Amino acid sequence: MKKLMFGLMAAGTLLFGAGCGGTACDALDEANRSLDTKAESCGSTRGEDEAVDFDKGVCEDALDHCSDSDKDRLNELADCLKDLPNCAPGGEMDWVSQVNNCSSKLADVSPACAAAATGR
């Protein structure tokens, strides 16, 4: 169950990964770290083989290809992810669904900007 949860969570957050102040990349980095902490409430931690690194430098380089609208959407995603509750034991699938609902905010982000969201 833990691997399934992290697989779903990683897919949602790393395909689109964004807060307040700074760049959208700062917000994306903070949101990804926040998700790790929130997932721990369900006893889930990522092992080295499951670790997903967000590289702000890669994001910043890709951010040059994002329109202002794309950047707004990245920040909307970050705000949504940071507002998520902690994962509750027994409610993992509902929590992953909430993560995926946040990710849907980026449906219209341009392909050139998508690399900013992954940080890879």
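Remember, it's a predicted structure, so these values are computed and weren't measured experimentally.
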- Task: Only counting residues at least two apart or in another chain, list the ones meeting side chain to side chain contact (heavy atoms under 4.5 Å, CB included) with N101.
- Result: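 So N101 forms a side chain to side chain contact (heavy atoms under 4.5 Å, CB included) with S97.
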Hey, what do you get for [atom1] ([X]) to [atom2] ([Y]), rounding to the nearest 0.5 Å?
{"X": "N32", "Y": "T37", "atom1": "CG", "atom2": "OG1", "answer": "11.0 Å"}
{"X": "L77", "Y": "K105", "atom1": "CG", "atom2": "NZ", "answer": "8.5 Å"}
{"X": "C87", "Y": "D94", "atom1": "SG", "atom2": "CG", "answer": "9.5 Å"}
{"X": "C113", "Y": "K71", "atom1": "SG", "atom2": "NZ", "answer": "8.0 Å"}
{"X": "D72", "Y": "S67", "atom1": "CG", "atom2": "OG", "answer": "8.0 Å"}

- Item | Pairing residues for S110 by the side-chain hydrogen bond (donor to acceptor under 3.5 Å, both in side chains) criterion, not counting sequence neighbours |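 Partners of S110 by the side-chain hydrogen bond (donor to acceptor under 3.5 Å, both in side chains) criterion, ordered by chain and then number, come out as D70.
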Any side-chain heavy atom of [X] within less than 4.5 Å of one from [Y]?
{"X": "S34", "Y": "L81", "value": "no"}
{"X": "K82", "Y": "E30", "value": "yes"}
{"X": "L35", "Y": "W95", "value": "yes"}
{"X": "K38", "Y": "P85", "value": "no"}

What pairs of donor and acceptor atoms, side-chain ones from residues 58-66 against any protein atom, are under 3.5 angstrom apart with sequence neighbours left out?
from, atom 1, to, atom 2, distance (Å)
E60, OE2, T23, OG1, 2.7

